[in-house]
Amino acid sequence: MSVGPNTGKLIALRRVQGATREMSDEALLAACGVGEAAALGALFDRHHRVVYRFLSRAATTSADDVDDLVQTTFLEAWRSAKRYKSKGSVRSWLFGIAANVSRHYVRGEVRRRMAYAGFTDQRPNDLDSPAVAAERNELVDQLEVALRALSHDQRVAFVMCDLEGIPGVEAARTLGVRKGTMWRRLHDARKALRAVLDGSSA
Amino acid sequence: MKPRVDEKLIAAAEQLPFVEPDAERREDVRTALLIAARTERPATESRGPRRARLAWWLGAPALAAAVVLFVAIDRGPKPAPVPSLKMATVEASEGAHFTHTSMDTDEVVRLTSGRVTVRVQKLEHEEQRFRVVTSDAEVEVRGTSFDVEVVDDRLREVVVHEGLVEVRPKGRPALLLAAGERWTATTVTAAIPAPELAPAPAPAPTPELAPAPAPAPAPTPAPIASLAPEVEPEPEVAPEPEPEPELEPEPEPEPEPTEAEVAFQDGWRTLRAGNYGNAADAFHTVIALDPDGPLAQDARYWRAIAQARAGRAATARISMARFLEKHPKSSRAGEISTMLGWLLVDVGDREAAQRRFKAAMHDDDEKVRNSARAGLEALRNN
């Protein structure tokens with residue numbers, strides 16, 4: 001259900017056409033930094049899909065929780081827009097925020113589950129439904145299990161560099177780690193996942 | 001040394017699925033994001049060195065943990081003693097389908113098919129309730145062991161092993177069963193039309209995260225069928241002819257319920273049965289059918305509650321924010337504002353949470369004010 005742009009209070013929610021389409025990511029971030037909410041909307045429109053994809057793979061949560069993480073990621077981007085240093089792409093910067101968001105969300109998840117344990121229906125995770133599983137081949141299933149078994153840092157490194165195409169040096173800078181640390185995480189992740197491929201072709 | 005790219009692995013991993021949101025869900029997240037951003041300014045000056053920010057991130061889960069305890073236990077300034085959430089153990093036969101939910105003092109097993117054996121411990125608090133609910137009946141117990149069987153979502157049989165069980169089939173008087181007794185549905189039972197089990201929606205409940213829906217008024221229990229004394233038949237007497245009844249004007253038929261009213265009753269029934277996901281969808285239907293109608297405000301309120309109980313925190317926050325935008329002067333605005341505050345604390349959005357708690361500090365309801373005060377205190381202390 002979308003909110004109508006009929007009141008003065010909601011004008012900022014209206015999608016701004018034209019000007020923002022021509023603006024670079026960096027310009028949109030700069031506009032966010034001075035409180036232009038339309039720029040945040042444009043940033044969301046431009047990058048939400050890749051952020052959803054990144055978080056769906058890098059965070060081990062349910063589909064419903066990914067909405068939470070995406071919203072928190074962009075909200076944090078809004079808050080931190082003025083601190084963006086242009087040392088990497090905005091997309092990489094968003095992934096860095098998303099990685100932090102998912103790391104801290106997972107830590108709280110166990111406590112949240114305990115609190116809500118009495119209030120939830122026993123519904124299976126969407127990704128585990130028989131209909132969804134039937135559409136995937138067995139190898140992909142095994143890869144998914146192996147990906148979820150990686151540590152958070154290894155999983156983020158693999159998703160960010162190998163699936164989202166962020167150069168390792170840039171990913172290291174975004175995540176605030178040394179290059180060597182990034183290479184080691186990537187190597188360990190690839191090794192664990194490669195074992196699945198090798199096991200299936202044996 | 002930089003590891004070599006593993007193209008085959010990447011090609012396989014690129015097939016990993018991800019749940020892309022549909023247009024409506026994407027719009028919901030976008031709207032909630034912009035509403036949240038509109039209420040706060042981006043950082044205009046450095047918040048301090050990177051380590052200080054990292055310390056906040058590390059501290060946020062501890063805050064969330066402390067607050068989650070408030071959410072789970074109580075909303076007041078000091079936690080009240082709460083009875084155990086699990087008052088019963090449920091053993092299911094193979095193929096039984098049920099959901100087992102509890103909220104504070106009300107525990108519900110929604111049984112849709114199959115047979116379960118339930119053992120309920122003695123309930124010490126008057127407000128504690130344990131029920132097994134089907135589409136056409138409720139079975140309520142206090143300290144007992146019994147079997148319930150359901151076929152095609154209809155109550156088929158209740159067998160009591162210990163204690164007392166009240167069976168309330170739709171359209172029939174309630175029955176009290178003692179140990180060793182059994183109730184079985186008949187074809188006649190199935191043909192009787194079912195009146196609503198639940199009364200109209202209760203007035204504004206307490207601001208706890210999981211306020212219990214108003215319980216159905218307990219009907220007067222009928223005598224236990226097996227213990228009813230046998231009555232000797234009276235001698236036959238020719239009946240006197242009945243006087244012809246006066247013709248009375250037929251009462252005007254009640255108007256058919258609107259689609260929105262039907263959807264609201266569905267939502268209410270499924271909410272009471274603990275099926276929060278379906279309840280949220282039903283209330284959403286009410287709003288879609290008649291967004292400015294007489295049921296819209298209640299539907300928005302209960303949709304948010306159902307979403308929160310179903311664990312859909314993100315959509316619950318959106319629904320609560322929309323309720324407050326749409327009904328700022330509602331008597332429930334303070335309560336919703338407080339609940340939204342707690343959900344925002346849970347995701348680490350301290351500034352937005354603080355605004356929501358402050359907005360509720362002048363609510364007419366003391367419980368709402370206490371809960372908001374507790375929220376502000378929790379933010380200060382962490």
Side-chain angles (χ1 to χ4, degrees), chain A residues 1-3 12-13 32-33 35 37 40-41 44 48-49 52-53 56-57 63-68 70-72 74-75 78-83 100 104 107-108 111-112 114-116 118-123 126-127 132 136 139-140 143-144 147 158 162-163 168 183 186-187 190 193-194 197, chain B residues 1-3 5-6 8-10 12-21 24-34 36-38 40-44 46 50 57 60-61 64-65 68 71-72 85 99 101-103 210 274-277 287-288 309-315 346-349:
Chain A
M1 193 163 91
S2 59
V3 183
L13 302 181
C32 287
L40 176 62
F44 178 88
H48 76 274
R49 190 175 183 274
Y52 260 104
R53 187 172 63 201
S56 293
R57 292 164 171 172
D64 283 345
D65 290 343
V66 174
D67 284 351
D68 250 341
V70 169
Q71 184 183 335
T72 305
F74 280 97
L75 195 57
W78 165 257
R79 291 173 180 146
S80 311
K82 287 200 93 165
R83 290 197 293 276
N100 266 338
H104 294 286
R107 284 183 187 166
R111 287 184 285 269
R112 267 191 295 281
M114 284 168 59
Y116 288 127
F119 302 103
T120 57
D121 291 338
Q122 295 172 10
R123 288 176 297 135
D126 287 343
L127 288 175
V132 173
R136 303 200 306 248
L139 173 61
V140 173
L143 263 181
E144 185 174 21
L147 185 67
F158 179 76
D162 283 351
L163 297 187
W183 298 143
L186 207 45
H187 168 79
R190 285 173 178 170
L193 297 175
R194 183 75 211 186
L197 275 189
Chain B
M1 189 172 94
K2 185 175 167 181
V5 173
D6 191 331
K8 188 176 174 190
L9 172 60
I10 292 171
E14 279 174 348
Q15 295 178 60
L16 287 168
F18 79 98
V19 183
E20 186 162 4
E24 186 182 343
R25 208 168 108 217
R26 187 179 61 241
E27 193 63 31
D28 278 350
V29 173
R30 188 183 193 276
T31 302
L33 168 66
L34 294 180
R38 188 163 52 85
E40 60 175 88
R41 290 185 168 280
T44 53
S46 171
R50 184 185 169 84
W57 275 108
V68 159
V71 168
L85 286 177
T99 56
T101 56
S102 60
M103 43 191 160
N275 198 337
Y276 303 121
I287 297 162
R309 290 185 189 179
R312 298 180 192 170
T315 46
D346 206 28
V347 292
D349 197 342

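Below, all heavy atoms of this structure are taken into account, side chains as well, without hydrogens, waters or symmetry copies. Note on naming: letters A, B, ... go to the chains in the order of the sequence lines (proteins, then strands), and numbering restarts at 1 for each one.
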For [X] versus [Y], what's the shortest heavy-atom pair and its separation?
X	Y	result
A12(B)	V140(A)	O-CG2, 4.4 Å
L143(A)	A13(B)	CD1-N, 3.8 Å
Q71(A)	L33(B)	O-CD1, 3.7 Å

Got a donor-acceptor contact below 3.5 angstrom from the R57(A) side chain to the L16(B) backbone?
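Yes.
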
Side chain to side chain contact (heavy atoms under 4.5 Å, CB included), that's the test. Do V29(B) and D68(A) meet it? Break it down for me.
CA-CA 8 Å; V29(B) 173; D68(A) 250 341; over 6 Å; no

Kindly compute the distance separating CZ (R190(A)) from CG (L9(B)), expressed to the nearest 0.5 Å.
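Output value for this atom pair is 8.0 Å.
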
Using 0.5 Å steps for rounding, measure from the CG atom of D162(A) to the CD1 atom of I10(B).
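Spacing of CG (D162(A)) from CD1 (I10(B)) equals 4.0 Å.
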
Pairwise side-chain contact, D349(B) with R79(A), heavy-atom cut-off 4.5 Å (strictly under):
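They are in contact (side-chain heavy atoms under 4.5 Å apart), so the answer is yes.
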
Evaluate side chain to side chain contact (heavy atoms under 4.5 Å, CB included) for R26(B) paired with F44(A), printing each intermediate quantity in order.
CA-CA 10 Å; R26(B) 187 179 61 241; F44(A) 178 88; 4.0 Å; yes

Begin with the C-alpha distance, continue with both residues' side-chain angles, and end with the deciding distance and a verdict on side chain to side chain contact (heavy atoms under 4.5 Å, CB included) for L34(B) and F74(A).
CA-CA 10 Å; L34(B) 294 180; F74(A) 280 97; over 6 Å; no

